[in-house]
Amino acid sequence: MDSIFTDILAGALGRYNYWVVIVLMMAGFYVVIASTNLVKKIVGLNIFQTSVFIMYISIGKISGGTAPIVWANAELYSNPLPHVLILTAIVVGVATTALGLSLIMRIKHAYGSVEEDEILALSQAEDEDE
Amino acid sequence: MLLCEQQTPRGLNQLPRKKTEMELAVNITLLLMLCATVFAVVKLQSLFAIVMLFGIYSLLSAMIFVALDAVDVAFTEAAVGAGISTVLMLATLVTTGRWKKKPERSGLLPLFVVTITGAALVWGTLDMPEYGNPANPAHHHVADRYIAESPTEIGIPNMVTSVLASYRGFDTLGEVIVVFTALVGVLSLLQVRRPRTFARKQDNRPDTHRRRPYPVLQVVALIMMPFIIVFALYVQFHGDFGPGGGFQAGVIFAVAFILYTLTYGLDDSLALTPLPALKILAAGGVIIYGGTGVVSMLLGGNFLDYNVLAANPVSGQHIGIIVIELGVGITVASVLITVFYAFVTRAERNRAGEKQVDLPNKAD
Amino acid sequence: MQIAVDLVSWLFLSMGMFLGLTGAYGILKFPDFYTRVHAASISDTLCTACFVIGLALQSGFNLVTAKLFMILILLWLTGPAASHALVRAANTAGLKPVTEKKD
Amino acid sequence: MMSSQLPALQVVLPLLGAPFCFLLWRYPRWSWALATLLSWSAFGVAIMLLIQVQNAGTIEYAFGGWQAPWGIEYVVDQLNVLVLLIVSGIAAVVFPYSWTSVQREIDPEQQSLFFTSMLLCLAGLLGITIAGDAFNLFVLLEISSLSTYTMISMGRDRRALTASFQYLIMGTIGATFIIIGVGILYMLTGTLNMQDLATRIPDLGTSRASQVAFGFLITGIGLKLAMFPLHLWLPNAYAYAPSAASAFIAATATKVAVYVMVRYVFSIFGVGFSFETMHIQWLFVPVSVFAILFTSIVALFQRDIKRMLAYSSVAQIGYMLLGIGLVNVTGLSAALLHLFNHALMKGALFLAMGAVCYRIGNTFIDSMHGLGKQMPWTMAAFVVGGLSIVGVPLTTGFVSKWVLIQGAIENGWWPVVAVILVASLIAMLYIWRVVEAAYMKPRPEGAESITEAPASLLIPLWLLAAANIYFGANAQFSMELAQSAAKTLFNSAVVGF
């Protein structure tokens with residue numbers, strides 16, 4: 001009984017980080033697909049991606065380790081590879097954000113709105129006009 | 001968790017154990033704060049609040065990165081996510097308005113998709129390697145060599161920089177190209193122009209549309225700018241030894257000019273950093289990086305093989321890393337400055353045209 | 001001696017904490033934007049100063065202390081400037097301060 | 001010495017050409033000339049790589065001189081050299097074409113930005129094709145995606161902006177799913193190198209985490225290749241993009257995504273895991289059958305021919321997934337063959353539409369009345385491409401459909417054979433609509449008289465149309481490549497590439 005309890009506890013302790021990150025990821029993902037406002041979509045996309053970054057960094061963490069910079073007293077370093085990957089991914093993310101936001105500004109200029117359903121209605125009207 | 005406590009090797013004092021518990025507490029607190037932020041984002045209607053919350057989200061995740069030993073990533077996330085992304089989003093709000101018009105549609109289908117995806121992930125975590133366990137497969141095989149060999153093979157203490165610039169140098173070139181691609185995209189969508197030119201066209205007020213001077217802010221900005229630039233240079237060239245490198249430096253450098261633009265206006269800052277120069281620098285940084293690869297090819301190595309750049313492989317690596325980090329810094333800084341100018345141009349254009357005020361005149 | 005330094009240090013730290021909490025309470029309780037910024041910025045400057053002094057006493061006379069004081073100068077420079085910018089922006093946007101409770 | 005550097009040159013030439021192209025922003029003509037030159041050189045490099053692979057087998061190239069699992073590696077083998085050839089070949093035809101077409105559709109100020117984006121897109125696609133590293137593939141994917149969003153948004157219609165934005169959102173979700181999958185795989189195996197992953201994944205057995213990783217990767221790649229319910233971004237994106245961009249993207253981008261799918265399903269996860277543990281064929285077959293029928297019918301009702309071709313593309317991707325889902329060598333070689341052939345036919349069709357757009361300013365079916373007489377060469381090339389889509393003998397479309405039907409018969413799946421035949425009939429109908437409009441209907445009274453498109457558009461167009469006939473009549477070259485690639489994928493799936 002006791003051992004089952006500690007097993008579950010150990011399992012939860014070993015994974016709580018991933019679980020919370022999954023919740024965050026999914027909240028961001030929800031904002032992307034459910035929001036009708038384009039700016040909010042981009043914010044959601046960023047939250048989604050940032051949460052994935054936290055997942056990667058959690059993969060690279062070693063308990064009791066230190067930052068992977070050579071240091072006289074350190075004996076255990078955390079894994080540097082996920083850090084490198086996420087550095088790349090962060091920059092890719094900001095590039096996408098910049099492009100997405102400038103598209104939004106042009107859409108606002110062209111349609112006078114940044115609400116998805118209004119734009120959709122305008123586009124459909126245009127489709128029928130043709 | 002239990003396993004790793006046995007394996008923590010240091011026996012000088014009881015510090016490691018204490019540290020792990022402390023880390024756990026910090027971690028959980030930060031994660032809870034992240035959750036709260038995210039749910040506020042889901043619920044709120046005010047875009048301004050959503051964007052600010054995203055900045056907070058980014059800053060909090062940067063703190064988590066510090067707690068998880070990823071100092072370089074934390075630095076980048078704080079500068080890029082909480083800094084540049086938020087600034088760009090705010091600049092967009094100037095054009096698009098700050099309030100969502102309608103409440104969300106009832107999102108049953110999205111909710112379904114999200115629940116399925118999340119459930120799949122949670123199901124998958126059940127037999128994932130435990131968080132933080134040093135025996136996890138992720139920490140062996142490839143990562144071992146980076147930790148054990150890079151200080152002697154590459155000769156710099158920051159392993160993240162070694163891996164980023166040398167072992168996976170081609171990824172980083174790709175990343176610089178992505179930034180450059182974003183510049184191409186933004187420039188094709190938005191023009192960068194001096195606001196004076198089209199504001200004049202709109203109405204012939206003499207010079208009143210020019211920003212009223214902001215004495216306090218302008219003085220503070222002027223005091224700050226040299227320090228920001230010195231700090232950027234420090235981050236640029238100290239990246240081998242501590243956290244930092246071309247990306248972070250480029251972002252900080254760009255921030256100095258963003259501050260200048262915010263306080264002095266686009267006219268003045270375009271006079272300081274003319275657009276053609278920025279474009280040449282943005283392309284130039286990519287060419288410096290790629291050129292290093294081409295030179296190493298011409299000297300008989302593979303693309304981006306810095307060993308051949310000097311007689312001694314380690315000093316070759318040093319030269320290579322310094323040069324490519326410089327290329328990264330130049331491109332990132334000039335791209336971000338240009339993108340910001342493009343966003344501001346669009347906002348100014350809006351201001352010159354129809355003036356829309358959609359700020360509810362209430363405290364709450 | 002160590003105890004005395006610790007005591008003073010903790011005094012400063014708790015003072016900082018108190019000021020921080022007061023500021024937060026003010027942000028929640030004050031009636032309009034301008035008074036809220038006021039609450040935030042007042043507590044911001046003195047609160048950080050208390051924290052920095054408290055932490056400096058903890059670390060002793062070394063590089064860390066020097067860095068801490070540089071951070072303090074930075075915050076003293078940027079904090080008020082940011083509050084100023086906020087208020088100015090609100091004023092430009094036409095936000096009127098609440099002058100009396102019932103209008 | 002240079003020959004050992006070829007895999008790097010394949011990607012680095014267009015990648016580093018892009019900033020130079022960008023620097024020529026005052027001289028769009030020069031920037032176009034540079035881009036064209038680089039696309040030709042990329043094609044040349046691809047041909048040399050093909051010869052090398054056929055003589056010496058798989059080529060590996062280590063970036064930075066770091067050995068494979070530690071550094072980033074490029075691998076050129078029989079499978080991806082086929083994709084390299086088709087991507088760079090299409091580029092070598094579309095780039096020269098783009099100058100004249102772009103003059104009509106894009107402001108002079110933005111032209112060099114357009115050529116830069118095309119070059120970046122080409123580099124990204126070539127890189128994805130030969131990347132031997134799962135994360136490097138993601139970075140290159142983002143290069144090609146961001147440049148694609150840029151190109152689409154340059155379309156003249158304001159709907160191009162929303163199409164581009166929609167693609168940006170869906171594409172980024174796809175890319176994020178891919179990095180989630182790659183992250184889980186890294187967590188389980190400790191490596192990012194594809195060959196290394198392929199040897200380590202079997203040790204995991206049927207662990208849940210690797211199944212989840214598989215699911216995320218398939219969904220992510222599925223978004224990129226417009227797998228049926230995830231295809232919503234594609235029709236608008238292809239319809240509103242500038243003509244040259246539509247032709248280039250339609251002919252290459254989804255093909256490269258199909259290649260990535262094949263790489264993950266067959267080489268990295270292996271036949272055993274993908275088809276026996278995950279039963280991915282039971283996703284691919286129904287989805288593709290539905291896609292083939294449904295989108296072909298939707299294509300029938302489109303007024304804009306570019307949009308019609310876009311829907312037809314979703315159906316054609318269905319054929320490729322169907323080939324993968326058949327789980328036999330014939331089916332897979334049909335998929336690979338169709339990948340090659342579909343690039344040729346869609347390239348030709350979109351280039352023909354570009355020429356039409358150059359003269360009449362749009363691609364609506366009712367404004368094309370009587371064009372058969374006034375633009376005989378353009379419309380003839382369209383007919384060749386159309387016949388190929390239908391699958392008439394002596395065109396490329398026939399070859400791949402024939403092999404696909406053989407594969408289905410091998411499995412005894414007669415209903416699938418029927419679906420392919422019915423879909424071909426529907427394809428005949430939608431192509432016929434255009435033929436009828438162009439050849440049977442008279443030019444309306446009072447419409448301005450139109451002349452044939454200029455030679456700078458016709459020559460590239462006819463090069464592709466001729467390739468459709470050549471590879472249809474003489475399918476040995478592409479068939480052999482596809483078949484040997486399919487065989488290696490099935491036989492030595494576990495051993496590596």
Side-chain angles (χ1 to χ4, degrees), chain B residues 117 120-121 123-129 136-146 149 166-175 177-178 180-189 191 276 279-280 282-287 290-291 293-294 296-297 300-308 320, chain D residues 1 4-5 8-9 12 15-16 18-20 22-23 25 61-66 69-72 109-110 113-114 116-117 120 123-124 127 133 135-136 139-140 142-143 146-147 149-150 153-154 161 180 184 186-193 196 200 207-213 215-216 219:
Chain B
T117 320
L121 268 174
W123 182 76
T125 56
L126 293 180
D127 65 359
M128 267 182 196
N136 283 350
H139 308 315
H140 299 289
H141 192 46
V142 176
D144 281 341
R145 166 156 173 189
Y146 296 145
E149 308 283 332
S166 189
Y167 294 101
R168 298 188 68 88
F170 190 63
D171 256 0
T172 311
L173 174 62
E175 177 184 355
I177 301 266
V178 169
F180 175 72
T181 313
L183 173 71
V184 173
V186 171
L187 282 182
S188 81
L189 287 162
Q191 277 91 36
K279 282 186 182 175
I280 290 170
V286 178
I287 293 168
V294 173
S296 63
M297 245 181 196
N302 273 358
F303 190 70
L304 293 176
D305 185 350
Y306 312 134
N307 281 346
V308 295
Chain D
M1 180 216 117
S4 64
Q5 304 283 1
L9 285 178
V12 166
L15 206 59
L16 288 186
F20 287 102
F22 174 78
L23 284 177
W25 72 84
Y61 184 89
F63 276 96
W66 298 111
W70 294 281
I72 290 170
E109 280 177 26
Q110 298 191 332
L113 292 176
F114 181 80
T116 311
S117 306
L120 286 168
D133 186 280
F135 198 83
N136 192 244
V139 175
L140 292 160
E142 285 295 305
I143 294 177
L146 285 180
S147 47
Y149 311 145
T150 307
S153 72
M154 287 186 190
L161 295 171
I180 294 175
I184 298 176
Y186 173 70
M187 177 200 265
L188 298 174
T189 60
T191 183
L192 291 164
N193 184 278
D196 217 15
R200 284 168 167 259
S207 92
R208 286 172 174 184
S210 58
Q211 293 185 28
V212 170
F216 271 89
T219 319

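Chain naming here is simple, since letters A, B, ... match the order of the sequence lines and numbering starts at 1 in each.
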Peer 1: Tell me, for D:L15 versus chain B, whether the close heavy atoms (under 4.5 Å) come from the side chain, the backbone, both or neither.
Peer 2: both
Peer 1: Nearest 0.5 Å, what's the NE2-CZ distance between B:H141 and D:R200?
Peer 2: 4.0 Å
Peer 1: Using heavy-atom distances under 4.5 Å, tell me whether D:M154 contacts chain B through its side chain, its backbone, both, or neither.
Peer 2: side chain
Peer 1: Taking it one step at a time, do D:I180 and B:L121 satisfy side-chain contact (heavy atoms from CB on, under 4.5 Å)?
Peer 2: CA-CA 10 Å; D:I180 294 175; B:L121 268 174; 4.3 Å; yes
Peer 1: Before you tell me yes or no, could you show the steps for B:I177 and D:V139 under side-chain contact (heavy atoms from CB on, under 4.5 Å), namely the whole-Å CA-CA distance, both residues' side-chain angles and the distance that decides it to 0.1 Å?
Peer 2: CA-CA 9 Å; B:I177 301 266; D:V139 175; over 6 Å; no
Peer 1: Would you call the rings of D:F22 and B:F180 parallel, tilted or perpendicular, where under 30° means parallel and over 60° means perpendicular?
Peer 2: perpendicular
Peer 1: Taking the side chain as every heavy atom from C-beta outward, state whether D:L16 and B:I287 have any atom pair closer than 4.5 Å.
Peer 2: no
Peer 1: With a 4.5 angstrom heavy-atom cut-off, which part of B:N136 approaches chain D: side chain, backbone, both or neither?
Peer 2: neither
Peer 1: Judged by atom type as modelled, is there a donor-acceptor pair below 3.5 Å linking the side chain of D:Q110 to the main-chain atoms of B:L189?
Peer 2: no
Peer 1: Below 4.5 Å from any heavy atom of chain B, which atoms of D:I143 appear? Answer side chain, backbone, both or neither.
Peer 2: both
Peer 1: Where the side chain of B:Y167 meets the backbone of D:G64, is there a donor-acceptor pair that is under 3.5 Å apart?
Peer 2: no
Peer 1: For the residue pair B:F170 and D:F63, categorise the inter-ring angle as parallel (less than 30°), tilted (30 to 60°) or perpendicular (more than 60°).
Peer 2: parallel
Peer 1: Please confirm whether the backbone N or O of B:N302 pairs with a side-chain atom of D:Y61, one donor and one acceptor, at under 3.5 Å?
Peer 2: no
Peer 1: Under a 4.5 Å heavy-atom cut-off, does chain B meet the side chain of D:T189, its backbone, both or neither?
Peer 2: backbone
Peer 1: Need one label for D:A123: side chain, backbone, both or neither, based on atoms under 4.5 Å from any heavy atom in chain B.
Peer 2: neither
Peer 1: Any side-chain heavy-atom pair from D:F216 and B:T117 closer than 4.5 angstrom?
Peer 2: yes
Peer 1: Can B:M128 and D:V212 be said to form a side-chain contact (heavy atoms from CB on, under 4.5 Å), step by step?
Peer 2: CA-CA 11 Å; B:M128 267 182 196; D:V212 170; 5.9 Å; no
Peer 1: Do you know the tightest heavy-atom contact between D:P69 and B:Y146?
Peer 2: O-OH, 4.3 Å
Peer 1: Quick check on B:S296 against chain D: is it the side chain, the backbone, both or neither that has a heavy atom closer than 4.5 Å?
Peer 2: neither
Peer 1: With distance as the sole test, does B:D127 use its side chain to make a donor-acceptor pair with the main-chain N or O of D:A209 at under 3.5 Å?
Peer 2: yes
Peer 1: Using side-chain heavy atoms (C-beta onward) and a distance below 4.5 Å, is D:S117 in contact with B:T181?
Peer 2: no
Peer 1: Is any side-chain heavy atom of D:W70 less than 4.5 Å from a side-chain heavy atom of B:E149?
Peer 2: no
